[in-house]
Participant: 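The structure's right below; bear with me while I get my questions together.
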Amino acid sequence: MGHHTYCACEVNMALSVRRNVKSLLGFIQKNCLQKRLFCNEKLPKTKYPLGSRVFSGIQPTGVPHLGNYLGALESWVSMQNEYSSVLYSIVDLHSITQPQDPQLLHSNILDMAASLLACGIDATRSILFQQSVVSEHTELSWILGCLTSMPRLRHLPQWKIKSRQKSEGSVGLYTYPVLQAADILLYKSTHVPVGEDQIQHLELAQDLARIFNYKYGEFFPEPRALLSSTRKVKSLRDPTSKMSKSDPQKLATIFLTDTPEDIVFKIRRAVTDFTSEVTFDPEGRPGVANLVSLHAAVSGQTVEHVLSLARGLDTGKYKNLVAEAVVQKLEPIRLEIQRLRADRGHVKSVLAEGEAKARSLAAPVMKEVRKLVGFS
């Protein structure tokens, strides 16, 4: 009897959800005609007004590489001075959508925290915390998941790519963009730094904010995307693909913990071509263009300026110039990571402090959400 009652409830619920989704679809489409909330801008020179809040997350993959640093972490550091509230989360719940070794995962969480602190994330100017310790993330994710249709998730790029690789992905992999939306909305975030491959996931967060507000009353702000203006750092061994931690070629990736000798060796072995002159032509000469981009990014100069420094040098000599600039940028970070890795107690205390601050923001939001939904 109980089984049949449960099934009938499921059918009624499914019909109800379908009706809700249909009625909301017109509303969403109408709103989507408005310009998408993207600020494809360089990071602001002046502070955003009070009330603005940045949220971003990074998976605990251990020590970041140079691509992570230039593509995201460097701007995370500068955002601490430009926004009135900044939260950075080590998103361990997202990481288990792929198989993880529990001991390695725990170690990677602490290594990522140490790396972020070494890069300049300052616990007095931002909130650095581990996602899974704030249970409100998963609670809000469930509520938002009940407002999300299956086709909406099926067409997101990460699911298409990763489930194809695995022949079929887990439920967690399928719904993780909903958890991503919950991460952002839980803190009423107004701005989210994203790469171009994550834009559609942020659009889901914007849509879910609209759907929730339409159904329960104006509550969540629609988060805006802050698109990184940094060119993607490419693999040193295959300049047509981006630098990656999982690259099987050991010389392809520069890690923040690489010694000066490692860095010099990897850059000297970087793939270029048979033309000795240094030019910037990403299509025709991707290997040399990657070195020029890298040089410009680590030295904070324009491509034009670094090309003027390279005038008269062949690519072999130019590699030494690039290696020197990369070492100069990364060596202080490497030494600080080394120091923090030896002081796990300090890293854990920073994360505990961040957890308390994150909870103090998340708890009142979830309390209000529970009331709006009718739980309390």
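This structure is a prediction, so every number in the text was calculated from the model and none was measured. We use all heavy atoms of the structure for the numbers below, so side chains are in, but hydrogens, waters and symmetry mates are not.
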Participant: Do Gln130 and Ile109 have side chains that approach each other closer than 4.5 Å (heavy atoms only, starting at C-beta)?
Facilitator: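 Heavy-atom side-chain distance check passes, below 4.5 Å.
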
Participant: If only atom types and distance count, is the side chain of Lys234 paired as donor or acceptor with the main-chain N or O of Met243 below 3.5 Å?
Facilitator: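 Answer holds: no.
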
Participant: Any Lys/Arg nitrogen of Arg125 or Glu82 sitting under 4.0 Å from an Asp/Glu carboxylate oxygen of the other?
Facilitator: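 Answer for the salt bridge query: no.
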
Participant: Is the distance between the ring centroids of His191 and Phe55 under 6.0 Å?
Facilitator: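 Between Phe55 and His191, the centre distance exceeds or equals 6.0 Å.
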
Participant: If every non-hydrogen atom of Lys319 is compared with every non-hydrogen atom of Ala270, which pair is closest and at what distance?
Facilitator: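 Scanning both residues, the minimum pair turns out to be NZ-O, 2.7 Å.
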
Participant: Judged by atom type as modelled, is there a donor-acceptor pair below 3.5 Å linking the side chain of Ser189 to the main-chain atoms of Ile184?
Facilitator: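 Checking the backbone N and O of Ile184 against the side chain of Ser189, a donor-acceptor pair under 3.5 Å is found.
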
Participant: Would you check if Leu147 and Lys215 make a side-chain contact, meaning some heavy-atom pair closer than 4.5 Å?
Facilitator: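 Yes; the side chains approach each other to less than 4.5 Å.
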
Participant: Over all heavy atoms of both residues, which pair between Ile263 and Ala323 is shortest? Give the atoms and the distance, please.
Facilitator: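 So the two residues come closest at CG2-O, 4.2 Å.
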
Participant: Taking Arg237 for its side chain and Arg269 for its backbone only, find out whether a donor-acceptor pair lies under 3.5 Å.
Facilitator: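 Such a contact is found between Arg237 side chain and Arg269 backbone.
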
Participant: Rounded to the nearest 0.5 Å, what separates atom CD1 in Ile254 from atom CG in Leu294?
Facilitator: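 These two atoms lie 6.0 Å from each other.
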
Participant: Quick check: do Phe255 and Leu330 have side-chain heavy atoms less than 4.5 Å from each other?
Facilitator: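 No, too far: nothing below the 4.5 Å cut-off.
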
Participant: Is the CZ atom of Arg344 crowded by more than 12 outside heavy atoms at less than 6.0 Å?
Facilitator: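 Yes, CZ of Arg344 has more than 12 neighbouring heavy atoms, counting only those of other groups under 6.0 Å.
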
Participant: What residues join Leu251 in its hydrophobic cluster, counting side-chain heavy atom gaps under 4.5 Å, either direct or through other members?
Facilitator: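 Same cluster as Leu251: Phe265.
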
Participant: What heavy-atom pair brings Cys119 and Val77 nearest, and what distance separates the two atoms?
Facilitator: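 It is O-CG2, 3.3 Å.
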
Participant: Is it true that His106 and Gln103 share a donor-acceptor pair across their side chains at a distance under 3.5 Å?
Facilitator: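 Their side chains do not contain a donor-acceptor pair, so the 3.5 Å distance test is not met.
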
Participant: Test your reading of the model: is there a side-chain donor-acceptor pair from Ser75 to the backbone of Gly71, 3.5 Å cut-off?
Facilitator: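 Here the side-chain-to-backbone pair does not exist.
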
Participant: Have Ser132 and Asp92 got a donor and an acceptor in their side chains that come within less than 3.5 Å?
Facilitator: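 A pair is found: one side chain offers a donor N or O, the other an acceptor, under 3.5 Å apart.
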
Participant: Find out whether Arg359 and Phe129 are in side-chain contact, i.e. whether some heavy atom of one side chain is under 4.5 Å from a heavy atom of the other.
Facilitator: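 Result no, sub-4.5 Å side-chain heavy-atom pair not found.
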
Participant: Indicate whether the side chain of Gln59 and that of His94 have a donor and an acceptor atom separated by less than 3.5 Å.
Facilitator: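 Per modelled atom types, Gln59 and His94 side chains form no pair under 3.5 Å.
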
Participant: More than 12 heavy atoms of other residues, nucleotides or ligands under 6.0 Å from NZ of Lys367: is that the case?
Facilitator: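 Count not over threshold, so no.
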
Participant: In this structure, would Val373 and Leu144 fall into the same cluster of hydrophobic residues linked by side-chain contacts under 4.5 Å?
Facilitator: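 Result: yes, single cluster for both.
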
Participant: Say whether, by atom type as modelled, one donor and one acceptor occur between the side chain of Ser115 and the main chain of Val63 under 3.5 angstrom.
Facilitator: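 Not a single qualifying donor-acceptor pair exists.
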
Participant: Locate the shortest heavy-atom distance separating Ser235 from Asn290; write the atom from each residue and the value.
Facilitator: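 Heavy atoms only, the tightest pair is O-ND2, 3.7 Å.
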
Participant: For the ring pair His295 and Phe280, is the centre-to-centre distance below 6.0 Å?
Facilitator: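 No, ring centres 6.0 Å or more apart.
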
Participant: Evaluate side chain to side chain contact (heavy atoms under 4.5 Å, CB included) for Val369 paired with Leu186, printing each intermediate quantity in order.
Facilitator: CA-CA 9 Å; Val369 167; Leu186 180 58; over 6 Å; no

Participant: When you look at Asp111 and Arg341, which way does the salt bridge (Lys or Arg N to Asp or Glu O under 4.0 Å) test go after all the steps?
Facilitator: CA-CA 7 Å; Asp111 275 350; Arg341 271 175 144 180; 3.0 Å; yes

Participant: For a quick test of reading the model, state the closest non-hydrogen atom pair linking Val192 to Pro223 and the distance between them.
Facilitator: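 Taking every non-hydrogen atom into account, CG2-CB, 4.0 Å.
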
Participant: Consider only side-chain N and O atoms of Ser126 and Gln80, and report whether a donor and an acceptor are under 3.5 Å apart.
Facilitator: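 Present: a donor and an acceptor within the cut-off.
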
Participant: Taking Leu105 as the starting point, is it possible to reach Leu93 by hopping between hydrophobic residues whose side chains are less than 4.5 Å apart?
Facilitator: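 Cluster IDs for Leu93 and Leu105 differ.
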
Participant: Would you say that Val91 contacts Ile58 through its side chain, given a criterion of any heavy-atom pair below 4.5 Å between the two side chains?
Facilitator: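 Counting from C-beta outward, Val91 and Ile58 never come under 4.5 Å.
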
Participant: Any chance you could lay out the side chain to side chain contact (heavy atoms under 4.5 Å, CB included) test for Arg370 and Glu139, step after step, and finish with the verdict?
Facilitator: CA-CA 10 Å; Arg370 286 183 208 113; Glu139 188 180 352; 2.7 Å; yes

Participant: Using the test side chain to side chain contact (heavy atoms under 4.5 Å, CB included), find all partners of Pro260 that sit at least two apart in sequence or belong to another chain.
Facilitator: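 With neighbours one apart ignored, the set is Val327, Glu331, Arg334.
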
Participant: Does a donor on one side chain and an acceptor on the other come within less than 3.5 Å for Asp238 and Thr240?
Facilitator: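 Short answer, yes.
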
Participant: Test your reading of the model: is there a side-chain donor-acceptor pair from Glu355 to the backbone of Val134, 3.5 Å cut-off?
Facilitator: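 Between the backbone of Val134 and the side chain of Glu355 there is no qualifying donor-acceptor contact (under 3.5 Å).
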
Participant: Give a yes or no on whether the backbone of Asp281 and the side-chain of Thr279 come within a donor-acceptor separation of less than 3.5 Å.
Facilitator: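 The answer is no, because no donor-acceptor pair under 3.5 Å joins these two groups.
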
Participant: In the structure I gave you, are the side-chain heavy atoms of Asp183 and Ser89 within less than 4.5 Å of one another anywhere?
Facilitator: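 Answer no - side chains too far apart.
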
Participant: Answer yes when Lys266 and Asp258 have at least one side-chain N-carboxylate O distance shorter than 4.0 Å, and no when they do not.
Facilitator: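 The answer is yes: the pair qualifies as a salt bridge.
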
Participant: Might you point out which heavy atoms bring Pro60 and Ile90 nearest each other, and give the distance in Å?
Facilitator: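 Of all heavy-atom pairs spanning Pro60 and Ile90, the closest is CB-CG2, 3.7 Å.
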
Participant: Check for a donor-acceptor pair, side chain of Ser52 on one end and backbone N or O of Tyr83 on the other, with a separation under 3.5 Å.
Facilitator: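 A pair under 3.5 Å: no.
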
Participant: As a quick check of understanding, evaluate side chain to side chain contact (heavy atoms under 4.5 Å, CB included) for Ile121 and Trp76, giving each step before the final call.
Facilitator: CA-CA 7 Å; Ile121 299 302; Trp76 281 21; 3.9 Å; yes

Participant: Side chains of Ser299 and Gln301: do they bring a donor and an acceptor to under 3.5 Å?
Facilitator: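 Yes, Gln301 and Ser299 have a side-chain donor paired with an acceptor closer than 3.5 Å.
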
Participant: For the NZ atom on Lys357, are there more than 12 heavy atoms of other groups (residues, nucleotides or ligands in this structure) within a distance under 6.0 Å?
Facilitator: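 Counting other residues, nucleotides and ligands, NZ of Lys357 exceeds 12 neighbours.
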
Participant: Kindly say whether Asp262 contributes a backbone atom to a donor-acceptor pair with the side chain of Thr259 at under 3.5 angstrom?
Facilitator: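 Yes.
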
Participant: Can you tell me if CD on Glu336 sees more than 12 non-hydrogen neighbours from other groups inside 6.0 Å?
Facilitator: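 Result for CD/Glu336: enclosed.
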
Participant: Between Ser244 and Asp247, does the side chain to side chain donor-acceptor pair (under 3.5 Å) criterion hold? Intermediate values first, please.
Facilitator: CA-CA 5 Å; Ser244 161; Asp247 198 312; 5.9 Å; no

Participant: Tell me, yes or no, whether the heavy-atom count around Gln100 atom CD, taken from other residues, nucleotides or ligands under 6.0 Å, exceeds 12.
Facilitator: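 Check passes, neighbour count above 12.
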
Participant: Using a 3.5 Å distance criterion without hydrogens, assess whether the side chain of Glu74 forms a donor-acceptor pair with backbone atoms of Tyr69.
Facilitator: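 Here the side-chain-to-backbone pair does not exist.
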
Participant: Under the criterion side chain to side chain contact (heavy atoms under 4.5 Å, CB included), I'd like the reasoning laid out for Leu236 against Val271: C-alpha separation, chi angles, the key distance, then a yes or no.
Facilitator: CA-CA 6 Å; Leu236 296 179; Val271 168; over 6 Å; no

Participant: Ring of Phe219, cation from Lys188 - is the NZ or CZ under 6.0 Å from the centre and inside 45° of the axis?
Facilitator: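 That pair qualifies as a cation-pi contact.
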
Participant: Taking Leu313 as the starting point, is it possible to reach Val288 by hopping between hydrophobic residues whose side chains are less than 4.5 Å apart?
Facilitator: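 Yes, Val288 and Leu313 fall within the same hydrophobic cluster.
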
